Amino acid sequence: KFVQIAMGGGQTEEAIVQLRKCAAEGKWLLLKNLHLVISWVTTLEKELNNCNPDPNFRLWLTTEPHDHFPTVLATSSIKVTFEAPPGIKKSLLRTYEGWTPEYLAKQSPLRCQILFNLAWFHGLVLERRTYVP
């Protein structure tokens, strides 16, 4: 009921085949990393305009921001964005929200320290990413 394709590496033909199949059968299709095949997105847009999908069909697209992404496709879509929370403290809190107290209680003190250091390092990398040119 769910098909996903990571775009790039010659996956455009498979994406069209799966788009037609999923639209006809009412499946969900996820096309990831459209920014890698930005010149092909207009073909996708034309294919979408020509298909008569099943009411249960859903198409999910993921992309990084790109200046040449078709505005018609972007404006006709529901957009969801995900950005890391600003600051190391908020990043740590977000990571710790995913761990239940029961999960942490089952871990050894050494493992809890390692988890904290990993979460802190992850937050630091996310924060420093904003300064990369």
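Quantities reported herein were computed from a predicted structural model and do not represent experimental measurements.
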- Item | Distance, nearest 0.5 Å, that separates NZ of Lys32 from CE of Met7 | 11.5 Å
- Message: Hydrophobic clusters here meaning ILVMFWY residues chained together by side-chain heavy-atom distances under 4.5 Å, can you tell me if Leu118 and Leu92 are in one?
- Response: no
- Message: Is it the case that over 12 heavy atoms from other parts of the model lie below 6.0 angstrom from the CH2 atom of Trp40?
- Response: yes
- Task: Begin with the C-alpha distance, continue with both residues' side-chain angles, and end with the deciding distance and a verdict on side chain to side chain contact (heavy atoms under 4.5 Å, CB included) for Leu30 and Ile5.
- Result: CA-CA 6 Å; Leu30 169 62; Ile5 300 174; over 6 Å; no
- Got a second to check how far Asn117's CG is from Leu124's CG, nearest 0.5 Å? 11.5 Å
- Query: Yes or no on side chain to side chain contact (heavy atoms under 4.5 Å, CB included) for Ile114 and Leu110, after CA distance, side-chain angles and deciding distance?
  - Reply: CA-CA 6 Å; Ile114 291 171; Leu110 178 61; 4.1 Å; yes
- The single option from Leu31, Thr12, Thr63, Leu44 that satisfies side-chain contact (heavy atoms from CB on, under 4.5 Å) with Val37 is Thr12
- Item | Under-4.0 Å salt bridge between Glu47 and Arg20 | yes
- Query: Does Phe121 CZ have over 12 foreign heavy atoms under 6.0 Å away?
  - Reply: no
- Message: If we ignore hydrogens and angles and just use 3.5 Å, is the side chain of Glu64 paired with the main-chain N or O of His35 as donor and acceptor?
- Response: no
- Task: Treat each ILVMFWY residue as a node, draw an edge where side-chain heavy atoms are under 4.5 Å apart, and state whether Val125 and Tyr96 are in one component.
- Result: yes
- Query: When rounded to the nearest 0.5 angstrom, what distance separates CD1 in Ile88 from NE2 in His122?
  - Reply: 12.0 Å
- Connected via hydrophobic side-chain network under 4.5 Å: Leu115 and Leu93: no
- Message: Angle between ring planes, Tyr103 versus Trp99, binned at 30° and 60°: parallel, tilted or perpendicular?
- Response: tilted
- Message: So, taking the atom named CZ in Arg94 and the one named CD in Glu97, what distance separates them when rounded to the nearest 0.5 Å?
- Response: 8.5 Å
- If you round to the nearest 0.5 Å, how far is CD1 of Ile16 from NZ of Lys21? 15.0 Å
Give every donor-acceptor pair under 3.5 Å between a side-chain atom in residues 51-62 and any protein atom, sequence neighbours left out.
| unit_1 | atom_1 | unit_2 | atom_2 | d |
| --- | --- | --- | --- | --- |
| Asp54 | OD1 | Asn56 | N | 2.8 |
| Arg58 | NH1 | Pro55 | O | 2.9 |
| Thr62 | OG1 | Asn33 | N | 2.9 |

- For Glu25 against Lys27, the heavy-atom pair lying closest together: OE1-CE, 3.0 Å
- Is the side chain of Thr95 donor-acceptor paired with the backbone N or O of Ser91 at a distance under 3.5 Å, no angle test? yes
- How far apart are the closest heavy atoms of Cys112 and Gln107, and which atoms are they? SG-CB, 3.7 Å
- Note on the structure: Taking every heavy atom of Leu29 against every heavy atom of Ala15, the minimum-distance pair comes out as CD2-O, 4.3 Å
